[in-house]
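To start, the structure under review is shown below, and the notes come after it.
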Amino acid sequence: MRREEYLIHSELEDVHWWFCGRREIIFSLLKKAYGNLQHATLLEIGCGTGGNLRFFAPFCARVTGTDTSPLAIELARKKTKAELILGDFRDLLAHRSHEFDVILLLDVLEHIEDDASFLNDLVRLMAPGARLVVTVPTHAFLWSDHDVALGHQRRYAPKALSDLFANTSLHVYFTSPFNTLLFPPIALMRTMQRLFPGAEKPISSDLNQPPFLLNQLLRGILGMEKYWMRVFRLPFGVSHVIIAQKPAS
């Protein structure tokens with residue numbers, strides 16, 4: 001990911017509707033799975049600039065983050081006291097996999113060229129019984145400069161994502177699209193950008209801070225989905241979440 005995008009992420013991830021709404025959904029689903037996270041040890045792979053670690057730290061026994069970007073780790077250290085490790089998760093989990101009950105992989109897989117090998121390496125190193133939470137962007141027709149700026153390799157079709165997890169030993173016990181209510185305007189915006197590109201401009205992500213009231217409205221719309229997802233799977237969305245568990249034996 002480009003340097004300027006890390007700086008934008010660091011500035012926005014505590015207040016922007018997308019980051020806040022996604023965290024609320026993940027937290028709600030984890031509470032449903034665990035009941036109480038106070039004894040859980042959590043590892044975020046690709047922790048970025050630390051916003052998720054700062055959010056989850058008060059609810060967990062311990063949180064740890066790892067990232068391959070020196071800039072991301074530098075920015076994360078300014079906002080969280082969580083253990084932060086610069087480098088490949090395989091180096092960490094080779095010796096400490098038994099320490100982590102929950103592993104977050106939030107919008108990371110789409111950055112990896114060989115996502116199947118990456119995921120299988122992670123599953124192999126996970127402790128028996130550990131849970132994995134994964135989010136990814138969906139639908140190739142939504143591809144835009146936003147994906148290019150963030151260094152994405154792909155967006156996931158539902159079947160491709162299902163096949164990816166079917167080729168692991170994980171038991172998938174929850175899977176659902178999300179960001180459903182905002183899917184129509186986002187799909188329309190991306191389609192219009194593709195059909196009518198306008199004047200040439202530098203490639204950048206869609207991340208910018210909306211006015212306060214609009215940001216609160218969008219956060220509320222996305223946040224509503226956490227209640228629905230505790231009951232049923234949503235039909236479609238801009239993103240997808242999977243929660244899976246490594247068999248205990």
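Here the structure is a predicted model, which is why all the values come from computation and not from measurement. As a basis for the values below, the full set of heavy atoms in this structure was taken, side chains included, without hydrogen atoms, waters or symmetry mates.
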| query | So, H111 side chain and L150 main chain: donor-acceptor pair closer than 3.5 Å or not? | reply | yes

| field | Any donor-acceptor N/O pair, Q245 side chain to G129 backbone, under 3.5 Å | value | yes

| Measuring from L53:CG to L84:CG, what's the distance to the nearest 0.5 Å? | 6.0 Å

| task | Over all heavy atoms of both residues, which pair between A187 and L142 is shortest? Give the atoms and the distance, please. | result | CA-CD2, 3.6 Å

| message | Holding to ring-ring contact (aromatic ring centres under 6.0 Å, His included), I want the full list of residues that pass it with H146, two or more places apart in sequence or in another chain. | response | none

| Is there a side-chain contact between Q153 and D115 (heavy atoms, below 4.5 Å)? | no

| Would the F236 and H139 ring centres measure less than 6.0 Å apart? | no

| query | Below 4.5 Å, heavy atoms only, C-beta onward: do L132 and L119 meet side chain to side chain? | reply | yes

| field | From CA spacing to verdict: side chain to side chain contact (heavy atoms under 4.5 Å, CB included), L234, E225 | value | CA-CA 8 Å; L234 299 179; E225 297 182 8; 3.6 Å; yes

| Interatomic spacing from CD in E5 to CZ in R3 - rounded to 0.5 Å | 12.5 Å

| message | If you compare all heavy atoms of H98 against all heavy atoms of H95, which two are closest, and at what distance to 0.1 Å? | response | CE1-O, 3.6 Å

| task | Find out if a path of hydrophobic residues (ILVMFWY) with successive side-chain heavy-atom gaps under 4.5 Å connects L93 to L106. | result | no

| said: Please check this pair: side chain of R154 against backbone of I112, looking for a donor-acceptor N/O pair closer than 3.5 Å. | reply: yes

| task | Mind checking the CG-CD spacing from L161 to E110? Nearest 0.5 Å is all I need. | result | 10.5 Å

| query | Is there side-chain contact between H152 and P137, with at least one heavy-atom pair below 4.5 Å? | reply | yes

| Which residue pairs pass the salt bridge (charged side-chain N to carboxylate O under 4.0 Å, His left out) test when at least one of the two sits in residues 157-174, sequence neighbours left out? | K159-D163

| Under a 4.5 Å cut-off applied to non-hydrogen side-chain atoms, are L164 and L109 in contact? | yes

| query | With the 4.5 Å side-chain cut-off for hydrophobic clustering, are V108 and L71 part of the same group? | reply | no

| query | Can you list the steps and then say if V148 with W143 is a side chain to side chain contact (heavy atoms under 4.5 Å, CB included)? | reply | CA-CA 8 Å; V148 177; W143 184 270; 3.8 Å; yes

| What is the distance from atom CG of L181 to atom CE of M224, rounded to the nearest 0.5 Å? | 5.0 Å

| request: In plain terms, say whether R131 and D101 are close enough for a salt bridge, that is, a side-chain N and a carboxylate O under 4.0 Å apart. | output: no

| request: Using a cut-off of 6.0 Å, state whether more than 12 heavy atoms not belonging to E4 lie near its atom CD. | output: yes

| M229 vs K226, side chain to side chain contact (heavy atoms under 4.5 Å, CB included): CA-CA, chis, key distance, verdict | CA-CA 5 Å; M229 293 169 71; K226 68 186 177 188; 5.9 Å; no

| request: Taking the side chain as every heavy atom from C-beta outward, state whether R62 and E83 have any pair of such atoms under 4.5 Å apart. | output: yes

| Do L43 and F59 share a hydrophobic cluster, counting only Ile, Leu, Val, Met, Phe, Trp and Tyr and linking them when any side-chain heavy atoms are less than 4.5 Å apart? | no

| field | Whether T80 side chain and A76 backbone form a donor-acceptor pair below 3.5 Å | value | no

| message | With a 4.5 Å cut-off on side-chain heavy-atom distances among I, L, V, M, F, W and Y, is there a chain of contacts connecting F100 to V133? | response | no

| field | L75 vs L7 side-chain heavy atoms within contact, under 4.5 Å | value | yes

| Backbone of S169 reached by a side-chain donor or acceptor of K246 within 3.5 Å | no

Without placing hydrogens or testing angles, list every side-chain donor-acceptor pair under 3.5 Å for residues 19-31, not counting sequence neighbours.
from	atom 1	to	atom 2	distance (Å)
R22	NH1	D107	OD2	2.5
R23	NH1	E13	O	3.0
R23	NH1	N52	OD1	3.4
R23	NH2	E13	O	2.6
E24	OE2	R219	NE	3.0
E24	OE2	R219	NH2	2.9
S28	OG	R230	NH1	3.3

| field | side-chain contact (heavy atoms from CB on, under 4.5 Å) partner of E44, the single match among V102, L104, D67, T64 | value | L104

| query | Can you name the side chain to side chain contact (heavy atoms under 4.5 Å, CB included) partners of T138, sequence neighbours left out? | reply | H240

| field | Residue pair G237 / P177: nearest heavy atoms and the distance that separates them | value | N-CB, 3.5 Å

| request: Mind listing the closest non-hydrogen atom pair of F55 and P58 along with its distance? | output: O-CD, 3.2 Å

| request: Without swapping roles, check the side chain of S97 against the backbone of L125 for a donor-acceptor pair under 3.5 Å. | output: yes

| Reported CG-to-OG distance for the pair L86 and S69, which is rounded to 0.5 angstrom | 8.0 Å

| query | Which residue pairs satisfy the salt bridge (charged side-chain N to carboxylate O under 4.0 Å, His left out) criterion with at least one member in residues 167-190, sequence neighbours excluded? | reply | R190-D206

| task | Give a yes or no on whether F232 atom CZ has more than 12 heavy-atom contacts from other residues, nucleotides or ligands under 6.0 Å away. | result | yes

| said: Does any part of the side chain of T68, heavy atoms only, come nearer than 4.5 Å to the side chain of F89, both counted from C-beta? | reply: no

| query | Do you know which of L182, N215, L12, N179 makes side-chain contact (heavy atoms from CB on, under 4.5 Å) with W18? | reply | N179

| message | What's the separation between atom OG1 in T168 and atom CE in M126, rounded to the nearest 0.5 Å? | response | 9.0 Å

| message | Tell me whether D121 contacts the main-chain N or O of F118 through its side chain, where contact means a donor paired with an acceptor under 3.5 Å. | response | no

| said: Is there a side-chain contact between V238 and F178 in this structure, where contact means two heavy atoms from C-beta onward sitting under 4.5 Å apart? | reply: no

| field | Listed partners of V172 passing side chain to side chain contact (heavy atoms under 4.5 Å, CB included), at least two apart | value | F165, T175, I242, A244

| said: Working note: L213 + L217, criterion side chain to side chain contact (heavy atoms under 4.5 Å, CB included); need CA distance, chi angles, decisive distance, verdict. | reply: CA-CA 6 Å; L213 291 179; L217 174 62; over 6 Å; no

| Do I221 and M189 belong to the same hydrophobic cluster, where Ile, Leu, Val, Met, Phe, Trp and Tyr are linked whenever their side-chain heavy atoms lie under 4.5 Å apart, directly or via other members? | no

